[in-house]
2 protein chains.
Amino acid sequence: MEATTPNDTRNASREALLQAARELIVGRSYTSVGIAEICAQAGVRKGSLYHFFPGKEALTLAMLETLYADFEREVLIPGLAGANGLRARIDAFVHAIHAFEARMQTESGQLPGCPFGNLAVEMGTHNPTLRQAIRKHLDAVTAHFRSVLDEAVQDGELPPQTDTGAAAEQWLALMEGILVMAKADQDPATILRLGPALGALLLNPTPEVRHER
Amino acid sequence: MEATTPNDTRNASREALLQAARELIVGRSYTSVGIAEICAQAGVRKGSLYHFFPGKEALTLAMLETLYADFEREVLIPGLAGANGLRARIDAFVHAIHAFEARMQTESGQLPGCPFGNLAVEMGTHNPTLRQAIRKHLDAVTAHFRSVLDEAVQDGELPPQTDTGAAAEQWLALMEGILVMAKADQDPATILRLGPALGALLLNPTPEVRHER
DNA sequence: CTTGCACTTTACCGACCGGTCAACTAGTGT
DNA sequence: ACACTAGTTGACCGGTCGGTAAAGTGCAAG
């Protein structure tokens with residue numbers, strides 16, 4: 001078991017760099033965090049960073065992969081599959097996000113908002129590589145939302161003709177907007193105050209779907 | 001008429017700086033645009049900038065004031081007061097935003113999203129001054145939304161017990177989220193695809209408002 | 001003519017940016 | 001004992017960042 005184990009004590013520097021990059025970039029932003037700061041927090045010299053990653057962008061891309069994997073495992077799957085009924089699942093999801101943002105604020109003093117949405121806003125106009133990676137992760141989140149909505153259709157909670165793909169996209173859009181507002185407020189209460197809008201948006205018959213193609 | 005006129009040919013440099021800062025910061029982001037670039041685009045030397053403004057932050061604050069004033073005059077007031085009926089007004093607003101984003105993309109090659117939301121995301125965690133200024137402008141937008149919703153209540157389009165303040169905040173949140181998604185896609189069609197969600201959110205009875213305090 | 005002031009110009013500052021490089025260390029397989 | 005290699009280290013690079021200082025320009029009032 002030496003070539004099969006993915007992470008030995010080797011790569012300890014690599015893991016530390018990914019962890020430091022996550023904490024700093026999620027807590028602030030891509031451009032406001034420098035290579036030097038990431039290395040300092042990781043306890044690794046700058047040259048080692050460039051041994052494991054071609055540069056800052058590649059480090060960020062790898063960090064986003066681990067970030068999404070953890071988010072899927074710790075929030076998306078337990079939060080969306082746990083409760084019974086669509087409304088309860090939406091509420092559980094909102095509270096999970098609220099708990100994350102509130103914890104980040106007490107730990108680092110800042111309410112970060114959505115790490116993916118933040119990066120999409122910050123780099124979307126001038127870094128196509130990062131933008132497309134973020135777009136991929138957002139699509140993955142949308143797919144989780146859609147499976148929850150499909151289940152609600154099967155259980156009769158939503159009408160059979162519901163366009164669950166479109167509704168899942170709207171779910172993500174509203175969630176991103178809620179997190180933008182919460183970040184502008186720097187107040188996690190904004191998430192709870194705006195959270196019920198998700199139920200209003202997703203649990204209503206959406207009378208106009210004649211957008212047939 | 002020499003002290004009363006607000007802008008003579010004096011202050012031409014000041015106006016040029018505000019205009020350049022708007023084009024560059026709205027088109028990209030705050031941190032990615034430097035003082036030197038703003039001065040170059042304005043045709044003004046760096047020292048002159050520091051004659052009119054204490055620094056980059058103050059220049060940005062003044063730019064945001066003029067940006068909001070123009071947005072209110074050119075989009076908010078004509079777009080929201082023009083059409084008859086809530087649904088038509090929402091649609092007109094969505095199409096006005098879509099037209100703006102599409103024009104920006106053809107002119108500068110980039111779809112910028114919401115300038116205020118972008119800045120809130122980029123600087124919200126580490127520049128309280130900018131954050132509070134943005135928060136003020138977002139509140140002003142919300143107030144416009146609310147007056148439209150109040151009018152809809154008076155016209156019987158919405159039930160009398162509607163919490164128009166909360167609904168206006170949800171309107172803004174969803175609009176911001178739609179623009180985040182459009183920026184991640186770099187495609188103005190996303191605005192039109194997600195736009196109908198605004199109608200679904202605002203034109204439904206919103207059964208649970210028992211969030212009394 | 002001279003003084004004062006708003007504005008401009010240019011040179012310059014220290015700090016920091018992402019990234020490079022060559023030398024070095026330690027562990028492994030032969 | 002040896003060579004090879006993954007990993008580490010610290011010095012260094014040119015460029016850019018926001019901001020400063022001081023000299024200079026032109027115009028208007030006294």
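Chain A is the first sequence line, chain B the second, and so forth, proteins listed ahead of strands; every chain is numbered from 1.
For A:H51, the listed nucleotide lying nearest its side chain is D:dT8; candidates were D:dG19, D:dC17, D:dT8. In this structure, the nucleotide among C:dT9, C:dC7, C:dC17 sitting nearest to the side chain of B:S48 is C:dT9.
Salt-bridge check for A:E101 with A:K183: failed, with every basic side-chain N at 4.0 Å or more from each acidic carboxylate O.
Position along DNA chain C of the nearest nucleotide to A:V33 versus B:G43 favours B:G43 as the more 5'-ward residue.
One N or O donor and one acceptor, one from the side chain of A:K46 and one from the base of C:dG19, sit under 3.5 Å apart.
Taking the ring axis of B:Y30 as reference, the NZ or CZ atom of B:K56 stays within 45° of it and closer than 6.0 Å to the ring centre.
Nucleotide C:dC7 holds its C1' atom 6 Å from the CZ atom of B:F52, rounded to whole Å. For B:I38 and D:dT16, the CD1 to P distance is 16 Å, given to the nearest whole Å. Computed from coordinates, the B:E57 CD to D:dG19 C1' distance equals 14 Å when rounded to whole Å. The interatomic distance linking B:N127 (CG) with D:dG18 (C1') rounds to 14 Å, in whole Å. Straight-line distance from the CD atom of A:E37 to the P atom of D:dC17: 19 Å, rounded to whole Å. Taking atom OH on A:Y50 and atom C1' on D:dT9, their separation rounds to 15 Å, with Å as the unit. Remark: P of D:dA22 and CZ of B:R45 are 22 Å apart, rounded to the nearest angstrom. Atoms CD1 (B:I35) and C1' (C:dA15) sit 16 Å apart, rounded to a whole Å.
Considering only side-chain N and O atoms, B:S13 lies under 4.0 angstrom from the phosphate OP1 or OP2 of C:dT8. Remark: A:N11 is in phosphate contact with D:dG7, judged by side-chain N or O atoms under 4.0 Å from OP1 or OP2.
One side chain, B:T31 or A:T31, offers a donor N or O that lies under 3.5 Å from an acceptor on the other.
Using a 4.0 Å heavy-atom distance criterion, B:G47 is classed as a base contact.
Here the CD-CG distance, from A:Q132 to B:D185, works out to 11.0 Å after rounding to the nearest 0.5 Å.
Here the closest heavy-atom approach between residue B:P112 and residue B:V26 is recorded as CB-O, 3.3 Å.
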